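Note that this is a predicted model, so its numbers are computed, not measured.
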Amino acid sequence: MLKQATTDKEIESCFKVMSELRTHLKKDEFLDTVRHMQTEGYKLAYVEDKGKIVAVAGYRVYTNLFMGKHLYVDDLVTLESSRSQGYGEQMVKWLRNEAIRENCNFFHLDSGTHRGEAHKFYFRQGFTIASYHFSERLN
């Protein structure tokens with residue numbers, strides 16, 4: 001079952017899965033961080049199977065000059081022990097439908113260059129490589 005995480009309990013329940021992708025996260029800061037991000041448009045969704053959260057996605061719908069209105073996926077992860085069981089595909093399909101429902105021009109995400117298995121998954125989901133993403137660490 002796919003749901004939006006809106007309550008404190010639901011958000012906190014997403015930590016275990018999210019921390020597999022974002023290993024630097026601290027459990028005692030997670031709720032406050034997500035609540036702050038929500039003030040900036042962040043939304044958190046999850047797939048639950050048999051009472052266990054198995055996949056999590058954080059995303060935003062916003063507008064910029066390049067893409068117009070779009071849905072950007074900040075975070076997308078399936079619990080390692082639950083991969084290759086269709087949960088990630090279910091999440092991508094739901095996110096794509098959310099982008100369509102919101103009348104977005106694009107549905108996109110970034111993926112670290114070291115995540116080869118994730119890239120294979122994204123290609124199977126119909127994504128293409130559209131650009132390079134450049135960054136500079138400031139602190």
Q: Kindly say whether H114 contributes a backbone atom to a donor-acceptor pair with the side chain of H119 at under 3.5 angstrom?
A: no
(Q) Between I11 and L44, is there a side-chain heavy-atom distance shorter than 4.5 Å? (A) yes
Q: Say whether V77 and L2 are linked into one hydrophobic cluster, either directly or through other cluster members, by side-chain heavy-atom distances under 4.5 angstrom.
A: no
Q: Taking all non-hydrogen atoms of both residues into account, name the closest pair between F121 and G88 and its distance.
A: CZ-C, 3.4 Å
Q. Just checking, any donor-acceptor pair under 3.5 angstrom between side chains of D49 and Y87?
A. yes
Q: Could you state whether M37 and V17 fall into the same hydrophobic cluster, counting links through intermediate Ile, Leu, Val, Met, Phe, Trp or Tyr residues with side-chain heavy atoms under 4.5 angstrom apart?
A: yes
**Q.** Validation row: L95, M91 side chains within 4.5 angstrom (heavy atoms)
**A.** yes
Q. With a 4.5 Å heavy-atom cut-off, do S131 and H108 have their side chains touching?
A. no
Q. Looking only at heavy atoms, which two atoms of C104 and V61 are closest? And how far apart?
A. SG-CG1, 3.9 Å
Q: Measure the shortest side-chain to side-chain distance between N105 and M67 over non-hydrogen atoms and say whether it is less than 4.5 angstrom.
A: no
**Q.** Gap separating the CD atom of E29 from the NE2 atom of H24, nearest 0.5 angstrom
**A.** 9.5 Å
Q | Electrostatic pair E102-K69, nearest N-O below 4.0 angstrom | A | yes
Q) Hey, what do you get for CD (E48) to CD (E10), rounding to the nearest 0.5 Å? A) 8.5 Å
Q. Got a second to check how far S81's OG is from K52's NZ, nearest 0.5 Å?
A. 4.0 Å
Q: For Q38, look at atom CD and say whether over 12 heavy atoms of other residues, nucleotides or ligands are found less than 6.0 Å away.
A: yes
Q | Step-by-step side-chain contact (heavy atoms from CB on, under 4.5 Å) determination, W94 to V47 | A | CA-CA 10 Å; W94 184 87; V47 176; over 6 Å; no
Q. Is the closest basic N to carboxylate O distance between E117 and K120 below 4.0 Å?
A. yes
Q. What distance do D32 atom CG and K26 atom NZ have between them, rounded to the nearest 0.5 Å?
A. 13.5 Å
Q. Any sub-3.5 Å donor-acceptor pair from E20's side-chain atoms to E80's backbone N or O?
A. yes
Q. If you look at every heavy atom in E12 and F30, which pair is closest and at what distance?
A. CA-CD2, 4.5 Å
(Q) Do L76 and L79 land in one hydrophobic cluster if side-chain heavy atoms of ILVMFWY residues count as linked below 4.5 Å? (A) no
Q | Gap separating the CG atom of D75 from the CE atom of M18, nearest 0.5 angstrom | A | 4.0 Å
Q) Same cluster or not: are Y42 and Y59 linked, directly or through other Ile, Leu, Val, Met, Phe, Trp or Tyr residues, by side-chain heavy atoms under 4.5 angstrom apart? A) no
Q: Report yes if the side chains of K9 and L31 come closer than 4.5 Å at any heavy-atom pair, otherwise no.
A: no
Q) Taking all atoms of both residues into account, what is the closest heavy-atom pair of R35 and T7, and its distance? A) NH2-C, 3.5 Å
Q: Let me see the working for V56 and F15 under side-chain contact (heavy atoms from CB on, under 4.5 Å), right down to the final yes or no.
A: CA-CA 9 Å; V56 175; F15 176 80; over 6 Å; no
Q.
Using the rule that Ile, Leu, Val, Met, Phe, Trp and Tyr join whenever any side-chain heavy atoms are under 4.5 Å apart, tell me whether L109 and L71 fall into a single cluster.
A. yes
Q: Determine, stepwise, if the pair D74 / R60 fulfils side-chain contact (heavy atoms from CB on, under 4.5 Å).
A: CA-CA 7 Å; D74 291 70; R60 304 165 196 266; 3.0 Å; yes
Q) In Å and rounded to the nearest 0.5 Å, what is the CD to OG1 distance from E89 to T78? A) 10.5 Å
Q: Please find out if less than 6.0 Å separates the ring center of H70 from that of F107.
A: no
